[in-house]
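Report on the structure given below.
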Amino acid sequence: MPELTPSQTVGPYLALGLTWPDGHLVVPEDAPGAIVVHGVVTDGAGEPVPDAVVETWQADADGRFDHPEDPRGGSGFRGFGRCLTAPDGSWRVVSVKPGAIGDGQAPHIDVSVLARGLLDRVVTRIYFPDEQAANAADPLLATVPQERRSTLLAVPDGPGRFRFDIRLQGEGETVFLAV
Amino acid sequence: MTTSPPTHVRGYAPAPAGTHPNLDWPAYRSTELRAPKHRPILLPHRLTEVTGPLLTGPAGPADNDLTRQHAGEPQGQRIIVFGRVLDSDGRPVPDTLVEVWQANAAGRYAHQNDNWPAPLDPNFTGSGRVVTDSLGNYSFTTIKPGAYPWRNHHNAWRPAHIHFSLFGRAFTQRLVTQMYFPDDPLFPYDPIFNSVPDEAARKRMIATFDLDATKPEWALAYRFDIVLRGREQTPFEEPHA
Ligand SMILES: [Fe+3]
């Protein structure tokens with residue numbers, strides 16, 4: 001059987017290969033129910049990380065994936081967002097709030113972060129602050145130490161806006177997940 | 001539409017130890033403030049992880065020929081880079097977007113932050129996209145990138161390489177890697193190449209010269225097969241409401 005190809009860093013010039021004009025638009029800005037999820041990526045010194053890319057993957061508003069492994073069928077929803085960080089470490093994705101899949105998990109977005117200085121991607125999840133009951137029953141959140149759980153919760157930031165900062169290292173380090 | 005989600009999903013097998021770099025790798029100095037200090041928490045694979053973006057765009061017609069993106073031909077050795085994208089069960093990964101980026105023949109990137117004294121090439125941008133066919137095959141035409149210096153340590157040079165980004169068919173299969181060329185004298189000195197602990201795994205990042213695929217009086221050819229994660233042998237038992 002073939003053996004896996006190793007991971008390597010995206011390096012400093014990722015913008016050359018990974019820039020898409022509409023990468024951050026999972027849905028158009030003016031789509032009904034559109035939300036903005038945004039934040040900054042910072043390093044262990046609290047400095048912004050200007051050469052990272054944040055990628056998101058999520059269900060549609062009904063909790064479905066447009067993918068053959070979802071037996072309920074797809075809605076044509078792209079589900080994928082990609083935003084390179086700006087010089088101030090900021091990123092921003094326009095999407096819809098994912099619905100509950102119906103398998104006991106709270107609504108969530110899977111996130112990959114790749115950057116210069118990261119030899120492999122790091123993975124985390126965004127949960128929503130207005131889903132307290134669902135979050136309390138979520139099987140993954142239950143395995144995260146209480147004192148670090150808040151790093152997986154987006155922060156309300158105005159109507160239809162959620163803030164999710166990603167701290168790669170140090171104080172308030174984001175919980176990263178082994179997939 | 002039906003509304004019941006799958007109650008079981010079959011997850012993806014973990015990578016054998018030594019296949020991927022440890023994030024904390026002091027020889028590559030940029031890891032120092034960026035590698036997380038906490039151990040990652042296990043995310044058992046559920047529907048979100050075994051699905052993923054099935055993107056075939058935004059690859060355009062000229063995107064797989066990096067020598068034809070400008071009015072003139074770029075400087076350097078024209079090469080064909082091709083191969084198959086497979087999973088570790090041996091199955092091809094069809095219809096998946098492959099993104100590549102690289103330096104020009106002189107080792108310089110067409111990027112504002114790369115300003116070491118090597119020439120830019122007005123006929124070379126160094127980025128391309130290609131989608132695998134139904135058997136997982138891909139191919140693109142480019143020029144052989146040069147080695148380039150970086151400031152990681154005294155007299156540090158990266159071996160010539162092409163950056164590759166792949167999605168596969170699931171969130172768990174996402175991979176970004178670098179393809180290297182055979183017999184590069186810089187291998188022993190490169191902390192990024194050597195961040196992969198297992199020597200056999202490291203060698204899987206090196207393309208092989210393929211005379212049969214070479215086009216006479218046109219281009220040399222290198223084969224680079226890429227292997228993404230395959231499935232777990234048994235489905236993950238999902239306790240659900
Ligand atoms: Fe590079």
Side-chain angles (χ1 to χ4, degrees), chain A residues 1-18 20 43-45 47 49 57-59 63 65 67 69-73 78-80 101-105 108 110 112 114-123 137 139-140 143-144 168-170 173 175-179, chain B residues 1-3 5-6 15 19-21 23 25 30-31 33-38 40-43 46-55 58 86 88-90 99-101 109-111 113-114 126-127 163 165 171-172 174-178 192 195-196 201-202 204-205 226-227 229 238 240-241:
Chain A
M1 282 298 154
E3 295 182 280
L4 295 181
T5 305
S7 170
Q8 296 272 269
T9 177
V10 291
Y13 307 124
L14 66 160
L16 263 181
L18 299 180
W20 296 353
D43 70 11
E47 295 295 321
V49 176
W57 171 243
Q58 63 167 102
F65 296 94
H67 189 282
E69 302 229 4
D70 190 332
R72 301 164 301 176
R78 187 174 94 179
F80 175 74
I101 296 170
D103 60 357
Q105 299 190 83
H108 61 273
D110 273 11
S112 300
L114 302 110
R116 176 177 69 84
L118 285 179
L119 285 160
D120 198 352
R121 68 169 170 168
V122 291
V123 167
L140 175 78
T143 67
V144 176
L168 292 178
Q169 186 193 87
E173 184 176 304
V175 167
F176 295 107
L177 304 169
V179 287
Chain B
M1 97 183 176
T2 60
T3 52
T19 301
H20 295 305
L23 294 176
W25 182 242
S30 298
T31 63
L33 286 170
R34 295 186 172 188
K37 294 290 188 197
H38 287 273
I41 289 172
L42 182 68
L43 174 60
R46 298 185 174 90
L47 195 56
T48 320
E49 289 72 44
V50 299
T51 56
L54 302 179
L55 304 163
L86 304 165
S88 56
D89 298 320
E99 297 167 291
V100 295
W101 66 103
Y109 284 89
H111 187 285
N113 293 348
D114 187 7
S127 57
H163 295 266
S165 165
F171 181 79
T172 47
R174 183 89 177 89
L175 179 74
V176 170
T177 189
Q178 299 180 25
I192 294 180
S195 67
V196 173
R202 222 178 292 148
R204 295 198 289 274
M205 299 188 291
I226 300 160
V227 182
R229 293 167 72 179
E238 174 70 61
H240 67 285

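Not measured: the values here are computed from a predicted model. Values below: all heavy atoms of this structure, side chains included; hydrogens, waters and symmetry mates excluded. By convention in this document, chain letters (A, B, ...) are assigned in the order of the sequence lines, proteins followed by strands, and residues within each chain are numbered from 1.
Heavy-atom pairs under 4.5 Å with chain A were tallied for D89(B), D114(B), V196(B); the largest tally goes to D114(B). Most heavy-atom pairs under 4.5 Å with chain A: of the set S127(B), A15(B), S88(B), this distinction falls to S88(B). Taking chain B as the reference chain and counting heavy-atom pairs below 4.5 Å, the highest number among L16(A), D43(A), L14(A) is found for L16(A). With chain A as the partner, the residue from S30(B), P36(B), G90(B) showing the most heavy-atom pairs under 4.5 Å is P36(B). Ranked by heavy-atom pairs under 4.5 Å with chain A, the first of L42(B), L23(B), V176(B) is V176(B).
Looking at T19(B), its side chain never comes within 3.5 Å of a backbone N or O of P6(A) through a donor-acceptor pair.
Only the backbone of V100(B) comes within contact range of chain A, judged by heavy atoms closer than 4.5 Å. Interface remark: L114(A) contributes side-chain atoms only to the contact with chain B (heavy atom separation under 4.5 Å). Heavy atoms closer than 4.5 Å to chain A are found in the side chain of S165(B), but not in its backbone. In this structure, the portions of I226(B) lying under 4.5 Å from any heavy atom of chain A include both its backbone and its side chain. For a residue to count as touching a neighbouring chain, one of its non-hydrogen atoms must lie under 4.5 Å from one of that chain's; by this rule L175(B) touches chain A with the side chain only. Only the side chain of H163(B) has a heavy atom closer than 4.5 Å to any heavy atom of chain A. The contact between V49(A) and chain B is made by backbone and side chain atoms together, counting heavy-atom distances below 4.5 Å.
A cation-pi arrangement is absent between R34(B) and F176(A), since the terminal nitrogen or guanidinium carbon is not both under 6.0 Å from the aromatic centre and inside a 45° cone about the axis.
Here the closest non-hydrogen pair linking S195(B) and Q8(A) is OG-NE2, 3.5 Å. Across every non-hydrogen atom of T51(B) and E69(A), the tightest pair is CG2-CB, 4.2 Å.
At a threshold of 4.0 Å, the pair R204(B)-E3(A) counts as salt-bridged, since one of the basic side-chain nitrogens sits closer than that to a carboxylate oxygen.
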Review point. Do W20(A) and L55(B) pass the side chain to side chain contact (heavy atoms under 4.5 Å, CB included) test, and can you show the C-alpha distance, the side-chain angles, and the key distance before you say yes or no?
Key: CA-CA 12 Å; W20(A) 296 353; L55(B) 304 163; 3.4 Å; yes

